[in-house]
Each structure stands twice: as structure tokens, then as C-alpha cells.
Amino acid sequence: MPSREATAYFGAGPAPLPTAVLEKASQVLLNYNDSGIGITEISHRSGDAEKILESTKSALAQLLDIPTQEGPDGYQIIFLQGGGSGEFSASVYHMTALWVEKRRQQIVKELGTEDETKVFDALRKAVDDEFKLDYLVTGSWSLKASQEAARLIGANHVNVAVDSRKDNNGKFGTIPKESEWSLTPNPAHSGMLYYCDNETVDGVEFPAFPDVDSSKYHVIADMSSNFLSRKVDVKRYSAIFGGAQKNVGTTGITIAIIKNSLLTQLAKPDLLRKLNLPVGPVVLDWPTIAKNNSLYNTLPIFDVWIAGQVMQSLISKASTDGPKIATQQAESEKKASLLYGILDKYPVFHVVPDKSVRSKMNICFRIGSEQDRDDKEKKFLAGANERLLLGCKGHRSVGGCRISNYNAVSVEKVEKLAQWLEEFAQQQ
Ligand code: PMP
């Protein structure tokens, strides 16, 4: 049986966790804090649970430099269930309710009356004529999010401002320039500008915050697969979310960072129903979860604890001033450039995405030519498995190879894989 130390695991999620955290986890599962009760057995409403929640939030705020003050410009950190996919829906429900209420208030002002029928008629017309959610479709996950939006509110309200497959032979792998995006021209008509910061399946990552005016568009990003891998200018986002199971912890919680100004002034469910707009389940409702300190219903506190421990381990290795994630960012970049360096050195390898948008987290490549690709990739993966370099197969929807370079994958393990890449290329 291979040991954990001998194995290097490059799976895309669930993904490796630091061994020290798992060792401690195995103890607290049996007996948390010398209480005689295991961590999965304690109440989510206990003092211990509350402490875990608070320290995890504080660690995240330190790592990403999140402004957590009260008032409209501060942010809430909340924990939800339902995965990243749950947030595809939650963001639609929420941003729709926000847009409708803002527009309603404006109509009241414009008409100079609160007359319900008059206001409602004008609002219905505004929803029909104006209301859009903008999506940047740059990979499989933003595509899924946009499809969920169309399912919930109707395709007529979803503006796919960019579909990067269009200029790339029908495949994901690029991010067209901002000047080529067709955002809803009047930002007041746009409920949000949604994008996925790192596309796990396609290996495409935004190199930086997109060149859009975040004071006019509500920018919301899915950071499920690059959460805690690099610095983030949180202040430019209306909301950020990510499932924990890749770079942060165990499967079971989703973390969302939401600007306070988003959490008030939302259309009431009755009004949304009258407008034929959807009302989401309460467990996905950001204000409800925020108001209840993420404890509206039973939260898997063990998963929050794991995330907190992972965050503490990142803080303790931070060596610079400023956002504490900078140290981890440097390590991620070092590991990614080692791998891309070898992939670029040998013509037998073909990195899938364009150089300008290569992900530091999910490194996607093909081997060989169209004729011998199946054979070569099979050989590469079999050789990797023999060497206990596991989880290098690409996502089933696209094939090929994918190396996930998450934080818990050490430099040494990446070096081991790099060695096999070199060896394999030299055999060709
Ligand atoms: N977004 C991204 C970028 C992902 O990689 C994934 C899962 N791999 C999801 C969303 C969906 O997450 P979940 O499976 O937690 O719903």
C-alpha cells in the first residue's frame, strides 16, 4: 500500500489537503478540544462552533485583505452549502431581487407616486425591456452558470457578453479582449457581470481583474478553483464565491464574500412572483445566511474547521507585509512555471489554452498529434500512475491531461512530476 508521502496527487477537486491538517483532523474527529466529544458531534450553535467560525473568517480576511467593517463598503464572509453550483443559482436570485428593487425605487421617484398599479405596470415594462444579467463565458463552468441563469430567469434576460469559443475553433482556451465584449451597454440595465476567475476544466485563468468599471457593473466571480492562490482586490467585487473542496478544504461548504451594500433593499418575494421572476430557496439566500452568521440551518462545522486550519497554515508561512496570501502566490507561480517550462520545451506537448491566459492552478495539455494522441496520453498517464503521480487525467468532457497545482501540492511533488514529464518527452 503506497504511503501518503510517496504519493503525489494532482486531482482537480476534491484535492489534496496538508497532511498536518488531516492528522489533527483525525484527532478532533474523536475528541475536540478535550471535550470528550468529536468535532462532527458538537452543536453548530455551541460556543466552540462559534469560535471556529470566527477564527476561520478572521483568517480569510487576513489572507485576502478583506475589508470587514460595517457599512455599505464592508464585506460579509458567509459559509453556505450547495457547492459552487448552488451559487450559480444564488447569484441569479439575489442580483435579480436587487435590480428589481432598485428599479422600483427609481420608478417611484420618476412617477412621483407610490400608486401600486402604476408603479407595477412601469416596473413590469422595465423588467421586460431592460433587465439583463451579463455573463463572460470563457470555459465550462461559466457556461454552466450562464445556462443556470437562463433556466431560472429566461434566456431573454441573459446577455452572454463573450463566448470565447467563437474565435477559437469552437473550443475554450482564450479570453477575448475587453474591447470585444458586448456588455449590456447601459450598466443600469445590468444586474451583474458574472465571470469565472479560473476555469478548472479548460485551464483558463483571468490574468487580472477585467478592465471593466466595477463602480457601474456589479462584478461577481466564481473563484472555486483558484481561491487562496493569489492576491485579490476584493474591493472591486460585489461578491466572490468558491467551493472549498479544491484549494481550501473538504467538500461540504462554499465560501462567499459579499459586499454589505448588496444585502439590503431587495425586492420582496410577492413582487418577484408577480413579475414572473424566481424566488430562491431560503438556504441559498445571502441576507438570511449573513444575518444568522451562517447558522440559519445546520452548518458542517468540521468543514469550516478544516478550512480554518488550512488558512492558518498559509498565514503561518506568510513572510511579507500586505496580503498574507502573497507568499503562497509566489510558490504557486514557481510550481506552475516549472511545469509550463517543460511543456513548452518539448514539441510533443501542447498546452491547451493560449499563453496569455494559462491557469496557475489547472495545467491542461495534450500529447502528440491527432493521430497518436490517444496512445501517447495513455502511456503518459500509465507511467505517471506507476510513479504514484496520480490524478493527471483531463476532465472527461475534454480529455487530455490536467495537472492541478493546488496549494497542498508541494514543490517537491511538482518536481517529481516534472521529472516524469522530461523523461517521457525524451523517450518520444
Ligand atoms: N466552479 C468551478 C470553477 C468549478 O471548478 C466547480 C467544480 N469543479 C464548480 C464551480 C462547481 O462546484 P460544485 O461541484 O461544488 O457545485
Side-chain angles (χ1 to χ4, degrees), residues 9-17 78-93 135-152 164 172-173 175 192-207 210 219-230 232 237 239-257 280-281 283-284 286 289 294 299-300 303-304 306-307 310 332 352-353 357-364 391-400 402-409:
Y9 180 42
F10 302 93
L17 285 164
I78 62 175
F79 302 97
L80 303 108
Q81 295 170 73
S85 308
E87 297 313 294
F88 296 172
S89 323
S91 51
V92 172
Y93 293 129
Y135 281 80
L136 307 180
V137 174
T138 57
S140 315
W141 291 109
S142 48
L143 176 64
K144 274 208 167 155
S146 70
Q147 288 166 338
E148 173 64 351
R151 191 180 73 85
L152 292 174
S164 67
F172 291 120
I175 301 177
M192 71 169 156
L193 166 51
Y194 178 103
Y195 79 99
C196 177
D197 208 39
N198 183 64
E199 287 283 0
T200 325
V201 172
D202 311 281
V204 169
E205 185 171 23
F206 274 75
V219 179
I220 295 197
D222 173 2
M223 294 195 186
S224 292
S225 50
N226 64 352
F227 213 93
L228 295 185
S229 72
R230 62 177 183 176
V232 177
Y237 292 88
I240 293 167
F241 69 84
Q245 68 269 26
K246 296 171 196 300
N247 224 8
V248 188
T250 33
T251 314
I253 49 162
T254 315
I255 303 172
I257 304 165
V283 290
L284 290 181
W286 291 344
I289 305 302
S294 302
L299 185 70
D303 299 306
V304 180
I306 292 265
V310 169
S332 302
V352 176
V357 295
R358 287 175 174 182
S359 168
K360 306 273 191 311
M361 290 285 106
N362 309 102
I363 295 162
C364 297
C392 299
K393 200 169 178 199
H395 190 269
R396 61 195 145 81
S397 63
V398 292
R402 171 176 56 180
I403 299 164
S404 294
N405 174 37
Y406 297 130
N407 296 347
V409 180

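Note that the numbering runs from 1 along the sequence shown for the chain. Counting starts at 1 for both ligands and their atoms, in listed order.
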Protein heavy atom at shortest distance from atom 10 (C) of ligand 1
D222 OD2, 3.4 Å
Nearest protein heavy atom to atom 8 (N) of ligand 1, by residue and atom, and its distance?
K246 NZ, 2.8 Å
In this structure, does ligand 1 have an atom that sits under 4.0 Å from one of the heavy atoms of S224?
yes
Does E87 have a heavy atom less than 4.0 Å from any atom of ligand 1?
no
Nearest non-hydrogen partners of S229 and S332, listed with the distance:
O-OG, 4.0 Å
Electrostatic pair D197-R230, nearest N-O below 4.0 angstrom:
yes
Side chain to side chain contact (heavy atoms under 4.5 Å, CB included) between Y135 and Q147, intermediate numbers included
CA-CA 10 Å; Y135 281 80; Q147 288 166 338; over 6 Å; no
Test M223 against every option in I257, L228, V232 by the side chain to side chain contact (heavy atoms under 4.5 Å, CB included) rule and name the one that passes.
V232
Here's a test for you: under side chain to side chain contact (heavy atoms under 4.5 Å, CB included), which of V304, I240, V248 qualifies with I255?
V248
If you measure every N or O of [X] against every N or O of ligand 1, does any of those distances drop under 3.5 Å?
X    : result
N198 : no
S225 : no
G84  : yes

Would you call the rings of W141 and F88 parallel, tilted or perpendicular if under 30° counts as parallel and over 60° as perpendicular?
tilted
Please answer whether the main-chain N or O of [Y] pairs with a side-chain N or O of [X] as donor and acceptor at a distance below 3.5 Å.
X    : Y    : answer
N247 : F227 : yes
S359 : M361 : yes
E199 : S142 : yes
E205 : K360 : yes

Going by the order shown, which atoms of ligand 1 are within less than 4.0 Å of some heavy atom of [X]?
X    : result
T200 : 2 (C), 3 (C), 4 (C), 5 (O)
G83  : 15 (O), 16 (O)
C196 : 3 (C)
Q245 : 13 (P), 14 (O), 15 (O)

Of W141, F241, F227, F88, the one whose closest heavy atom lies nearest atom 4 (C) of ligand 1 is W141
Once you restrict to heavy atoms under 4.0 Å, what part of [X] touches ligand 1? Side chain, backbone, both or neither.
X    : value
K144 : neither
S85  : both
A12  : neither

